[in-house]
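Presented below is the structure to which this report refers.
Atom set for the values below is all heavy atoms of this structure, side chains included, hydrogens, waters and symmetry mates excluded. Ligands are counted one by one from 1 in listed order, and the atoms in each one are counted from 1 as well.
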Amino acid sequence: MPQLLGIEWIDIFSSVERKITYLGMVAHSIYTYPVGNMVLVAPLFWLFPFHWFFLILLYTAWVYYDRDTPSKGGYGLDFIRKWRVNRWNADYFPARVHKTADLDPEKNYILAYHPHGIISMGGWVNFASNGSGVMDMYPGITFNLCTLGLNFKIPIRREILLLFGCIDCSKESIEYVLCPKTNKGRAIVLVVGGAAESLDAHPGKHELTLLSRKGFIREALLTGAQLVPVYSFGENDVFEQAANPPGSRLRKWQDTLRKSMGMSLPIVKGRGYLQYSFGFLPLRRPINTVIGAPIHVEKMENPTKERIDELHEEYVKKLTELFEKYKGQFGVKKDVKLVLK
Ligand SMILES: *[C@@H]1O[C@H](CO)[C@@H](O)[C@H](O)[C@H]1NC(C)=O
């Protein structure tokens, strides 16, 4: 890789395969990064220079009409999720899904995804698209990746996320999709650790915000959805993050921001479009997402605290076992343990 002016540039003579997977990653940045979304809509304004006001009016009316969709199951389109470009994006890292058990299409599921990483890259590649072939691995199962409602408030971004099958992560939304009377074969993917966990997303680290997170357990009991632990090895490796150990000034500032605004601001360094020295694009490092076996959950009208705690304990045990069983296969050293907080 050529070095010039202290910057490591991309190699334009790389293999065709490398170029194609690079394009997959670039495509991903266009449809999921806010700046990329602007690139997508800019041509419309250029094509219809005199009608932009009308376009905005029309779009605003659409958003108003469509406002409840994110919490009513969304409208994921399989043909978009199956696009070849998603496969290229998966091959870039490469990102892979590893199945350990069948999921019965007669039941519903909550897949709890860990760790959050910076942007849950593996969550997107593996569950919002067929990038790693998940659609064929689990016949009869429809996956919906859950994300913050705020994402559906951003113009254009909301439609893109919906087309990829994303739904709101609110209780109402989850209970709507997992309602056993109306749906079966649905699997929602919840990134349980959320914003808090992203501040611990450092390469090689396996720290989860899980002990205090019990909402997903309660939802499983309420809806009778089976709980599936999912651990994504490498999720924390695709971005570097500025050191922010608990107690540091940076961390204190980040925690204040998180508590007041509900979002985290990790200081990240990935790569750029043309160089590897800085930027917000993900690094070419493997992501291996292991989907565990479902834990049986019996539906319960009013889940008691005891039952929630008991199931949470069982869940943590199963997740830890999954991590221990597969860590060696995916590059984690023997003495590295899952850190839970
Ligand atoms: C999903 O991806 C896998 C792996 O690339 C591919 O073999 C399969 O045909 C895809 N499925 C669909 C329905 O497109």
inquiry  = Tell me whether D168 contacts the main-chain N or O of P70 through its side chain, where contact means a donor paired with an acceptor under 3.5 Å.
reply    = no
remark   = Rounding to 0.5 Å, atoms CD (E313) and NZ (K214) come to a distance of 8.5 Å
query = Does the R186 side chain pair with the main chain of N108, one donor and one acceptor, at a distance under 3.5 Å?
reply = no
request  = Might you list the protein residues in contact with ligand 1, defined as having a heavy atom under 4.0 Å from one of its atoms, sorted by chain and number?
outcome  = K82, R87, N130, G133, D136
request  = Mind telling me whether W83 and F164 have parallel, tilted or perpendicular rings, with 30° and 60° as the class edges?
outcome  = perpendicular
task = Working to the nearest 0.5 Å, report the span between CG of L222 and SG of C179.
result = 11.5 Å
inquiry  = I'd like to know if the side chain of Y109 reaches the main chain of D104, judged simply by a donor and an acceptor atom lying under 3.5 Å from each other, with no hydrogens or angles considered.
reply    = yes
